[in-house]
Amino acid sequence: MSGNSLKGLNPSQLEAVTHGEGPLLVLAGPGSGKTRVIAHRIAYLINDLSVPPGNILAVTFTNKAAAEMKKRARDLAGDLASGIWIGTFHSICLRILKIEADFLEGHTKDFVVYDQDDQLGLLKSCLKELDYGESLFSPKGVLSEFDAAENREGASFRDDFYGRRLSELYDFYKKELVKRNAMTFNDLLLLANRLLSENQGVCVRYQDRFSQVLVDEYQDTNVSQYRFAKTLSQRHRNLFVVGDDSQSIYGWRGADINNILNFEKDFPGARVVKLERNYRSTLNILGIANSVIRKNPGRKEKTLWTDNPEGERALVFKALDNADEARFVAERISGLVGTEDFKWSDVAVFYRANFQSRVIEEGLRAAKIPYRIVSGVGFYQRAEIKDVIAYLRLVQNPRDDVSFLRIVNVPPRKIGGVTLRKLREASQAGGFALFEAAEYCQEHDLLPAQALGALSRFLEIIKGLGSAAESQPVARVIKALLERVAYLDYLGEDLQRAENVRELLSAAEGWSEITLSDFLDLVLLATDEDRGDSGEEKVSLMTIHAAKGLEFPAVFVVGVNEDLLPHRRPAETLGGLEEERRLFYVAVTRAKRLLYLSYASLRTASGGTYHTRRSAFLDDLSPEHVVYESRKKKLSGRDSDLPSEEKTYELEDVGLNLRPGQKVTHPTFGPGIVKKIDGKGDKMVATVDFFGSGVKKILASFFAD
DNA sequence: CTCGCTGTTATTTTT
DNA sequence: TAACAGCGAG
Ligand SMILES: Nc1ncnc2c1ncn2[C@@H]1O[C@H](COP(=O)(O)OP(=O)(O)OP(=O)(O)O)[C@@H](O)[C@H]1O
């Protein structure tokens with residue numbers, strides 16, 4: 001059996017995989033086989049050391065990575081592998097908390113987990129209740145303050161006016177969560193840690209159980225995750241972590257790069273293994289990666305070499321605007337798949353922010369290129385899916401006020417603001433959840449007849465579903481729900497959304513024997529990968545963050561513009577620019593053979609068109625690794641003011657020739673100042689304030705010479 | 001209570 | 001642009 005677990009490894013990898021007892025860190029650059037080492041280590045433990053799979057805990061960064069790891073483990077160790085605990089920190093904690101729910105203070109085993117949307121909803125009602133002005137306390141801002149606080153040990157706030165109010169708000173908010181039998185993603189870790197530290201019995205049970213703890217992407221762990229891993233591995237001292245400090249890109253979420261930098265100090269006697277051979281990328285791509293990351297101070301220096309061929313130079317492309325950039329991407333992809341031996345699935349397009357996918361999608365659609373968005377605004381975040389989930393949650397946990405508010409009037413059933421205000425008053429007065437308050441009002445006839453009728457019908461629906469859920473599979477419950485509230489009718493002719501709901505239903509049918517509670521957990525952690533289209537022949541679109549740990553033969557990084565990559569916001573914060581650079585580093589090191597970096601000189605956003613500069617990161621690339629290209633666009637200016645006269649202008653960069661604030665002269669209107677640029681290409685329109693004749697809109701190509 | 005209109009405002013990354 | 005909050009009419 002050992003043949004399997006040790007095959008296909010180089011000497012350093014072998015050293016790590018066959019490591020004996022005690023903590024070990026694999027510190028190595030991209031594409032050096034760190035993830036492969038973890039998979040083989042798991043197989044080695046099972047096949048060669050006969051470690052029972054149930055005693056192995058393997059933590060990955062995303063659920064997608066967990067699924068991949070499970071698959072790899074199964075390939076190497078067979079069916080035994082299914083007993084391993086593999087998952088993200090969050091899903092492992094969730095699993096433990098559900099099992100040990102009896103030991104929790106405040107939560108019962110039916111607790112639900114709130115995602116950001118739900119949290120915002122709850123926070124908004126807290127702000128209202130405490131009468132905090134939303135101007136000073138924007139819900140989003142407050143939530144990220146909370147996050148930041150929880151990522152500091154002790155969840156404390158600054159000791160000034162704002163900090164004190166935040167602290168008050170935080171305590172209130174946390175109590176409200178517990179009241180609703182709900183917790184946040186962060187709570188999963190915080191409460192798991194609390195359970196382990198306060199309940200010796202439980203703690204010892206898990207410490208005994210997990211004789212082997214493995215953590216992938218260790219550079220992106222935060223305090224709680226660090227504590228969790230440390231606690232669980234304390235007894236057997238077998239903590240096996242892999243990572244690369246140069247790929248730490250989640251500092252904004254509390255990840256602490258010092259966890260990996262201080263590993264040897266934290267775990268005395270730790271062994272450190274370095275992997276220096278890169279199996280993934282061409283020499284050229286490694287050269288680029290190196291010139292990018294070289295600029296960051298304070299890294300752990302790592303050698304990286306490869307036997308791979310030099311490969312082609314990366315193409316740096318300057319597009320006219322983002323639509324043009326999308327066109328470029330589409331053209332190149334078509335070329336790769338048409339003339340070289342690339343499949344659609346060999347190609348990936350990365351961007352800094354989700355909103356950038358839109359233009360790219362349009363470009364790919366126009367070129368009939370099949371694509372798939374990996375994560376992004378996930379399937380399970382869509383409004384129609386969340387509606388259905390909210391019904392189910394309320395069925396499981398009637399204390400869930402956020403879900404109650406979400407669907408109490410969806411589809412519209414004449415329960416509006418007035419009724420809700422009364423319900424809220426009743427719930428506050430009596431310490432009830434809204435659902436209970438509704439029941440109370442119903443019993444005591446506390447509302448106008450019309451509202452009461454509507455409310456009663458709603459309560460009936462939820463209760464009916466509740467009893468259905470006791471005896472019937474989830475899919476049946478969903479079906480009953482959809483019929484009962486005529487949800488598909490409510491969606492009307494929006495076919496896509498109706499289709500999404502049907503997809504959720506068929507997902508539920510796939511898990512036939514599942515309980516409602518387990519279904520909700522799965523949905524919470526599910527990724528788009530679970531929807532079964534991952535194997536299909538499609539180009540992958542994703543954010544750079546989502547690309548971590550993946551690899552593709554051909555990689556396009558779009559929007560390599562200043563203020564976008566590096567993004568302006570983090571670049572202004574301490575250490576933010578370094579993290580942005582690591583992000584760019586992660587992006588380029590995903591590529592195996594071909595790398596395309598593109599940027600647009602004009603960006604259309606929020607109604608206007610703005611100039612953008614190329615990213616400073618591009619300046620760091622050595623000329624011998626890259627080729628530069630830019631679009632020379634022919635603009636045909638057909639101005640209705642000048643009928644039948646077709647002019648063609650050769651323009652390399654329209655934007656440079658015309659921008660707000662610039663002085664222009666028009667034969668009829670005389671001199672003026674450009675106020676605003678709208679549209680693009682030959683439809684670009686300049687709004688010009690003429691000194692004599694006032695503000696006029698002029699086709700931009702008119703000035704283009 | 002619902003619907004539709006207008007004006008404002010915003011785009012970082014995710015478990 | 002587009003998503004959304006706020007407002008007034010039915
Ligand atoms: N010993 C080896 N022989 C052949 N190929 C290998 C070997 N080790 C790793 N590889 C290949 O190298 C590629 C990168 O491996 P892997 O994803 O494990 O690297 P990694 O260090 O986790 O990368 P990253 O840090 O970028 O996520 C994979 O395609 C893997 O199959």
Side-chain angles (χ1 to χ4, degrees), chain A residues 59-66 87-94 113-117 119 124 134 138-140 143-144 147 150-151 183-190 192 217 220-222 224-225 228 248-255 322-323 350-359 362 374-378 380-381 383 408-421 448 450-451 453-454 521 524-528 542-548 559 563-573 576 579-580 582-584 586-587 603-610 678-680:
Chain A
V59 187
T60 59
F61 195 74
T62 62
N63 293 297
K64 187 169 41 151
T88 60
F89 279 105
H90 299 272
S91 66
I92 301 279
C93 288
L94 175 62
V113 181
Y114 278 0
D115 68 12
Q116 180 144 3
D117 251 18
Q119 290 181 53
K124 276 180 192 159
E134 282 206 11
S138 87
K140 276 209 179 112
L143 221 47
S144 64
D147 258 357
E150 289 182 342
N151 285 323
M183 52 178 86
T184 65
F185 275 102
N186 269 347
D187 285 336
L188 290 170
L189 272 141
L190 296 174
E217 309 278 12
D220 276 321
T221 50
N222 65 20
S224 324
Q225 295 167 342
F228 183 76
S248 165
I249 53 176
Y250 281 88
W252 53 272
R253 209 173 73 182
N322 2 40
F350 301 154
Y351 34 82
R352 175 62 232 259
N354 283 307
F355 73 87
Q356 297 176 64
S357 74
R358 203 188 193 92
V359 202
E362 280 164 19
V374 178
S375 89
V377 181
Y380 294 98
Q381 319 265 18
V408 67
N409 202 28
V410 173
R413 48 174 75 89
K414 301 192 192 314
I415 302 176
V418 182
T419 309
L420 285 179
R421 207 177 57 236
Q450 196 204 5
D521 290 348
L524 174 80
L525 300 167
T527 60
D528 291 5
M542 68 192 90
T543 63
I544 303 175
H545 283 91
K548 186 163 82 150
D563 291 347
L564 201 50
L565 183 66
H567 198 276
R568 162 191 278 178
R569 292 286 289 258
E572 285 165 357
T573 67
E579 182 154 310
E580 292 296 298
R582 292 195 293 271
L583 196 56
F584 188 48
V586 167
R603 192 162 75 90
T604 17
S606 40
T609 305
Y610 306 92
D678 284 306
K680 57 200 162 200

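Sequence lines set the chain letters: A, B, ... in the order given, protein chains first and strands last, and positions in each chain run from 1.
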Spacing between [X] atom [atom1] and [N] atom [atom2], to the nearest angstrom:
| X | N | atom1 | atom2 | answer |
| --- | --- | --- | --- | --- |
| A/L143 | B/dT14 | CG | C1' | 13 Å |
| A/L583 | B/dT13 | CG | P | 11 Å |
| A/E572 | B/dT12 | CD | C1' | 13 Å |
| A/F355 | B/dT9 | CZ | C1' | 15 Å |
| A/N63 | B/dT15 | CG | P | 7 Å |
| A/F350 | B/dT14 | CZ | P | 13 Å |
| A/K140 | C/dA3 | NZ | P | 13 Å |
| A/E580 | B/dT13 | CD | P | 11 Å |

A/T62 side chain, from C-beta outward: closest of B/dT12, B/dT15, C/dA3:
B/dT15
Side chain of A/Y250 only, please: which of B/dT14, B/dT12, B/dT15 is the nearest?
B/dT14
Under the side chain to side chain donor-acceptor pair (under 3.5 Å) test, residues paired with A/N186 that sit two or more places apart:
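A/N186 satisfies side chain to side chain donor-acceptor pair (under 3.5 Å) with A/D147, A/E150 only.
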Is the phosphate of B/dT14, meaning OP1 or OP2, less than 4.0 Å from a side-chain N or O of A/N354?
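Yes, such a contact exists.
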Using a cut-off of less than 4.0 Å, is there contact between a side-chain N or O of A/T604 and OP1 or OP2 of C/dT1?
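Negative; the distance criterion is not met.
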Main chain of [Y], side chain of [X]: is a donor-acceptor contact present, judged purely on distance under 3.5 Å?
| X | Y | value |
| --- | --- | --- |
| A/E579 | A/G251 | yes |
| A/N409 | A/R413 | yes |
| A/R582 | A/S248 | yes |
| A/D220 | A/I249 | yes |
| A/N63 | A/T88 | no |

Side-chain donor/acceptor of A/H90 to base of B/dT15, under 3.5 Å
yes
Has the side chain of A/R352 got a donor or acceptor that lies under 3.5 Å from a partner of the other kind on the base of B/dT12?
yes
Is there aromatic stacking of A/W252 on B/dT13 here, judged by a ring-centre distance under 5.5 Å and a plane angle under 30°?
yes
Going by atom types only, do A/T604 and A/N322 share a side-chain donor-acceptor pair under 3.5 Å?
yes
So which protein nitrogen or oxygen atoms get under 3.5 Å of nucleotides 1-4 of chain B's nitrogens or oxygens?
{"unit_1": "B/dC1", "atom_1": "OP1", "unit_2": "A/G416", "atom_2": "N", "d": "2.4"}
{"unit_1": "B/dC1", "atom_1": "OP1", "unit_2": "A/G416", "atom_2": "O", "d": "3.3"}
{"unit_1": "B/dT2", "atom_1": "OP1", "unit_2": "A/N409", "atom_2": "OD1", "d": "3.3"}
{"unit_1": "B/dT2", "atom_1": "OP1", "unit_2": "A/N409", "atom_2": "ND2", "d": "3.0"}
{"unit_1": "B/dT2", "atom_1": "OP1", "unit_2": "A/K414", "atom_2": "N", "d": "3.0"}
{"unit_1": "B/dT2", "atom_1": "OP2", "unit_2": "A/N409", "atom_2": "ND2", "d": "3.4"}

Quick one: label [X] by what it contacts on the DNA or RNA (base, sugar-phosphate, nothing), any heavy atom closer than 4.0 Å.
| X | result |
| --- | --- |
| A/H545 | base |
| A/F89 | nothing |
| A/E579 | nothing |

C1' spacing across the pair B/dT13 / C/dC4, given as an integer number of angstrom
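To the nearest whole Å, 23 Å.
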Using the P atom on both, measure C/dG6 against B/dT11 and round to a whole Å.
16 Å
Those residues at least two apart in sequence (or on a different chain) that pass side-chain contact (heavy atoms from CB on, under 4.5 Å) with A/Q225 are A/F89, A/H90, A/L189, A/T221, A/N222
